[in-house]
There are 2 protein chains.
Amino acid sequence: MKKTHSPAPQHVEVASVSDATMRRFVGYRMKRAFNVVQEDLARVLKPFELRMLTYTALVLIVDNPGMRQSQLADAMDIERPNLVVLIDELERRELIVRDRVPTDRRAYALKATLAGLRLYDRAVAAVAAHEARLLDGIDQDSIATVLAALKTIENARQGD
Amino acid sequence: MKKTHSPAPQHVEVASVSDATMRRFVGYRMKRAFNVVQEDLARVLKPFELRMLTYTALVLIVDNPGMRQSQLADAMDIERPNLVVLIDELERRELIVRDRVPTDRRAYALKATLAGLRLYDRAVAAVAAHEARLLDGIDQDSIATVLAALKTIENARQGD
DNA sequence: TATTGTTATACTCTATAACTATA
DNA sequence: TATAGTTATAGAGTATAACAATA
């Protein structure tokens, strides 16, 4: 069903493009929304010289001091090799440290430094403000519904 | 706040990781859910030798015969240069054609071939079934709420 | 001048295999 | 033998500048 009278689009979009099939294509809708979130988040994190991945790693380490890299990779849903460079970067900036685990000398216990904690405080506040702005038009019940649905989708992951 | 008694996690996860801060980090939750959707979609599209991007392009072209590449890039939320290789790929496989537009010889009118239409039919059906499976645990009202919320987020895009 | 499609290029994120040092 | 972290590498996806042809 094509829109013949485009009802004042919020942002520039191809008014004549039919999305009859796409409208219910959840992957497509999620991607478009996630693009906006990601793009906007990148802008918010830029002053802190953080990207979504480094921010996520920092937050998880601050909230879970002593966690291992493999646990962090799992929590971030990325492969271990890809985590290494992220941790390298955070360590080089002296935001976190890799402490040896005495009981298992293969592993590292990740901990935030004081500088890491300070950056965490500022960045978390900025991101919270950013997301509040992004979700401005959506009521709390709907947000709860969305988060629950996202969690359900996560758990619906097929055979790993 | 750390969970001391992990409540039977559906899939393998680091039980001891606190997500107090992350739980309300919408970008993170969206990313994890989108990862699952994307990963699962890739598996569904593989038999058709399509990826999410080529599938999306094909669907939009079938639904909007004659559309221009710049319109398609806009609809897909990607840059024009990145669309070129996707169109090349679909054209090489003879699923679509680039027709010259007589009134504007700079532009191409994109159209699906018969083979493209046939692949479209099969792929759309497979994706619909796939998404139905993925959204199985979520009621229709919630799905509508989620789609509306995703649309709101899309439109909340900051200064382009 | 501006726009359509294009080329070239670089950067980020992701995925896999294979290595090392420990367990 | 298995696991934690690492290296190397290749593949996607994305973003920007600059160009030719056309408007």
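Within every chain, numbering begins at 1; the chains are lettered A, B, ... in the order of the sequence lines, protein sequences first and strands thereafter.
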- Message: From the set D/dT6, D/dT14, D/dA2, return the single nucleotide nearest to any side-chain atom of A/K31.
- Response: D/dT14

- Which salt bridge (Lys or Arg N to Asp or Glu O under 4.0 Å) pairs, counting each pair once, include a residue from residues 45-56 of chain A, with sequence neighbours left out? A/R51-A/E89

- Contact check, residues 80-96 of chain A vs DNA chain D, heavy-atom distance under 4.0 Å, returns A/R80, A/P81, A/V84

So does [Y] get a backbone contact from the side chain of [X], meaning a donor-acceptor N/O pair under 3.5 Å?
| X | Y | answer |
| --- | --- | --- |
| B/T113 | B/L95 | yes |
| B/E131 | A/V26 | yes |
| A/R80 | A/A73 | no |

- Query: Distance only, no hydrogens: is a donor on one side chain within 3.5 Å (strictly under) of an acceptor on the other, for B/Y108 and B/R68?
  - Reply: no

- Between B/S142 and B/D139, do the side chains contain an N or O donor and an N or O acceptor separated by less than 3.5 Å? yes

- Message: Please classify the nucleic acid contact of A/E79 as base, sugar-phosphate, or nothing, using heavy-atom distances under 4.0 Å.
- Response: base

- Message: Using a 4.0 Å heavy-atom cut-off, does B/R100 contact any base of the nucleic acid, only the sugar-phosphate backbone, or nothing at all?
- Response: nothing

- Query: Can you give the first and last nucleotides of DNA chain C, 5' to 3', that have an atom under 4.0 Å from a heavy atom of chain A?
  - Reply: C/dT12 to C/dA23

Within this structure, what is the [atom1]-to-[atom2] distance between [X] and [N], rounded to whole angstrom?
| X | N | atom1 | atom2 | answer |
| --- | --- | --- | --- | --- |
| A/N35 | D/dG13 | CG | P | 13 Å |
| A/D99 | D/dG5 | CG | C1' | 15 Å |
| A/R106 | D/dA2 | CZ | P | 13 Å |
| B/R51 | D/dG11 | CZ | P | 13 Å |

- Phosphate contact (D/dT22 OP1 or OP2) by B/R105 side-chain N/O below 4.0 Å: yes

- Task: State whether A/D40 and A/R43 are salt-bridged, where the test is any N-O pair (Lys NZ or Arg NE/NH1/NH2 against Asp/Glu carboxylate O) under 4.0 Å.
- Result: yes

- Do the side chains of B/L119 and B/L53 join up, straight or via other hydrophobic residues, at under 4.5 Å, putting them in one cluster? yes

- Query: When the ring centroid of A/Y55 is compared with that of A/Y120, is the distance short of 6.0 Å?
  - Reply: no

